[in-house]
Amino acid sequence: MLEWLTDNKIPLGRWINAFVDFLNENVAWLFDFISDVLGFIINGFIDILVWVHPLVLIALLAGLAWWLHRSWRMSALIVGALLLILNLGYWEPTMQTLALVLIATLVCMLVGVPTGIAAAHRPWLYTAIRPILDLMQTVPTFVYLIPTLILFGLGVVPGLISTVIFAIPAPIRLTYLGVVGVPKPLIEAGEAFGATRSQLLWKIELPHAMPTIMAGLTQCIMLSLSMVVIAALVGADGLGKPVVRALNTVNIAQGFEAGLAIVIVAILLDRLFKQRGAPGGER
């Protein structure tokens with residue numbers, strides 16, 4: 001029995017390989033178009049961030065932190081941390097990483113939040129997508145990095161798509177949990193006052209679920225940053241490249257400095273987008 005099982009292997013790998021080859025041969029034009037559009041958007045955003053004078057951008061980010069949180073401590077933290085990155089010589093890679101993370105997070109939220117809302121209102125949909133979400137978060141990133149590299153070529157685009165695949169389950173799950181967790185008496189009160197389904201969503205469900213949705217946003221940012229080094233392996237610029245270079249040359253100093261820059265970006269983005277009044281956030 002055991003020999004029969006091992007001798008009659010299911011050719012799952014060959015099927016996937018044949019499917020990727022089919023896509024590459026028949027719809028390569030579509031993937032080239034997607035790659036060109038996404039590459040243009042990302043590179044344009046990077047050019048804007050790099051074009052702005054570092055001190056001006058630091059001041060703008062500090063002002064944004066003050067406007068969002070009314071905290072001089074957070075503004076001072078942003079100024080000090082970004083000046084440290086500038087001093088270490090990683091400003092341009094940091095802007096490249098920031099652009100990749102922000103665009104990946106934007107795509108994840110634009111797709112993840114509506115999907116989470118739809119899943120919360122349709123239990124069968126969440127039952128259907130839950131195994132897919134589990135698969136997206138548990139399959140090693142290198143596994144789906146290979147087909148994205150084949151289909152979209154070397155550069156920032158396969159890194160962006162792999163980042164989105166890895167990070168998008170977080171906003172979907174947390175949006176679902178936030179909407180499902182709205183107390184039924186609150187929904188019934190809205191219905192008693194004659195609220196439509198749209199009004200229930202925008203005036204009751206989403207405001208009540210907003211802290212959970214914002215937690216999904218910060219989780220998405222953290223997951224996107226964790227893909228920085230992986231994206232560098234397929235040609236994406238950013239802080240992942242000096243980390244990979246330091247690993248190949250056993251350069252402890254360069255590896256520590258680039259890793260510290262990644263940690264600083266993670267902390268700043270987490271503090272910046274954390275909702276006011278949330279646990280651990282500024283009040």
Side-chain angles (χ1 to χ4, degrees), residues 16-52 90-115 132-133 135-172 216-217 219-245 247-248 258 261-262 265-266 269:
I16 298 298
N17 185 61
F19 178 67
V20 173
D21 289 341
F22 171 80
L23 292 178
N24 201 28
E25 292 173 1
N26 293 276
V27 289
W29 60 270
L30 176 61
F31 294 109
D32 290 340
F33 174 75
I34 295 173
S35 180
D36 292 340
V37 172
L38 292 178
F40 175 79
I41 294 173
I42 298 172
N43 291 326
F45 191 29
I46 291 173
D47 290 341
I48 293 173
L49 292 178
V50 173
W51 174 77
V52 178
Y90 290 100
W91 182 259
E92 186 170 343
T94 299
M95 294 300 102
Q96 293 166 344
T97 294
L98 185 63
L100 178 62
V101 169
L102 291 179
I103 293 177
T105 301
L106 177 63
V107 172
C108 289
M109 296 303 290
L110 288 177
V111 176
V113 172
T115 304
I132 300 175
L133 299 179
L135 189 69
M136 292 166 70
Q137 287 193 305
T138 54
V139 170
T141 53
F142 289 100
V143 174
Y144 50 76
L145 199 63
I146 298 171
T148 55
L149 179 61
I150 294 173
L151 295 174
F152 296 98
L154 197 67
V156 71
V157 176
L160 172 67
I161 294 174
S162 300
T163 301
V164 170
I165 294 173
F166 182 68
I168 200 171
I172 294 177
L217 172 63
Q219 284 293 312
C220 187
I221 292 173
M222 296 302 105
L223 291 171
S224 299
L225 273 169
S226 69
M227 289 290 292
V228 167
V229 177
I230 304 297
L233 296 177
V234 292
D237 292 326
L239 291 169
K241 273 195 172 181
V243 173
V244 174
R245 195 177 301 117
L247 180 64
N248 293 332
I262 295 175
V265 173
L269 290 177

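Keep in mind that what you see is a predicted model, and the values were worked out from it rather than measured. When reading the values below, keep in mind they use all heavy atoms of this one structure, side chains included, and skip hydrogens, waters and symmetry mates.
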Subject >> Least distance between heavy atoms, Gln96 atom then Gly238 atom >> reply: OE1-N, 3.1 Å
**OP:** For the pair Val164 and Val111, evaluate side chain to side chain contact (heavy atoms under 4.5 Å, CB included) and give the outcome as yes or no after the intermediate values.
**Re:** CA-CA 10 Å; Val164 170; Val111 176; over 6 Å; no
Original post:
Rounded to the nearest 0.5 Å, how far does CZ of Phe166 lie from CE of Met136?
Top reply: 10.5 Å
**OP:** Walk me through it: do Leu23 and Ile150 pass the test side chain to side chain contact (heavy atoms under 4.5 Å, CB included)?
**Re:** CA-CA 10 Å; Leu23 292 178; Ile150 294 173; over 6 Å; no
Subject >> Candidates Val50, Asp237, Ile48 - the one meeting side-chain contact (heavy atoms from CB on, under 4.5 Å) with Met95 >> reply: Val50
Original post:
Which heavy atom of Ile46 sits nearest a heavy atom of Ala99, and at what distance?
Top reply: CG1-CB, 3.5 Å
Original post:
For Gly39, does its backbone N or O pair with a side-chain atom of Asn43 as donor and acceptor, under 3.5 Å?
Top reply: yes
**OP:** Drop me the distance from Thr148's OG1 to Leu160's CG, to the nearest 0.5 angstrom.
**Re:** 10.5 Å
Original post:
Once you round to the nearest 0.5 Å, how far does OG1 of Thr94 lie from CD of Glu92?
Top reply: 10.0 Å
Original post:
Just wondering, do Val156 and Leu38 contact through their side chains at under 4.5 Å, heavy atoms?
Top reply: no
Subject >> Smallest separation among heavy atoms of Ala104 and Ser224, with atom names >> reply: CB-OG, 4.1 Å
Original post:
Quick one: does Lys241's side chain get under 4.5 Å of Pro93's, heavy atoms only?
Top reply: no
Subject >> Ser35 side chain vs Asp32 backbone, donor-acceptor pair below 3.5 Å >> reply: no
Subject >> Closest approach of Ile34 to Phe152 (non-hydrogen atoms, all atoms of both residues) >> reply: CG2-CE2, 3.8 Å
**OP:** Work out which heavy atom in Ala167 is nearest to a heavy atom in Leu223; give both atom names and the distance.
**Re:** CB-CB, 3.9 Å
**OP:** Starting at CG of Leu98, measure out to CG of Leu239 and round the result to the nearest 0.5 Å.
**Re:** 9.5 Å
Original post:
Does a side-chain heavy-atom distance below 4.5 Å link Phe19 with Pro147?
Top reply: no
Subject >> Within-4.5 Å side-chain heavy-atom neighbours: Thr97 and Leu225 >> reply: yes
**OP:** Enter the distance from Ile103:CD1 to Thr163:OG1 here, rounded to the nearest 0.5 Å.
**Re:** 11.0 Å
Original post:
Looking at CD1 of Ile221 and OG of Ser226, how far apart are the two atoms once the value is rounded to the nearest 0.5 Å?
Top reply: 12.0 Å
Original post:
Where is the tightest heavy-atom contact between Ala266 and Met222, given as atom of each residue plus distance?
Top reply: O-CE, 3.2 Å
Original post:
Does the side chain of Phe45 reach to within under 4.5 Å of the side chain of Leu102, using non-hydrogen atoms?
Top reply: yes
Subject >> Side chains of Ile262 and Val243 in contact at under 4.5 Å (non-hydrogen atoms) >> reply: yes
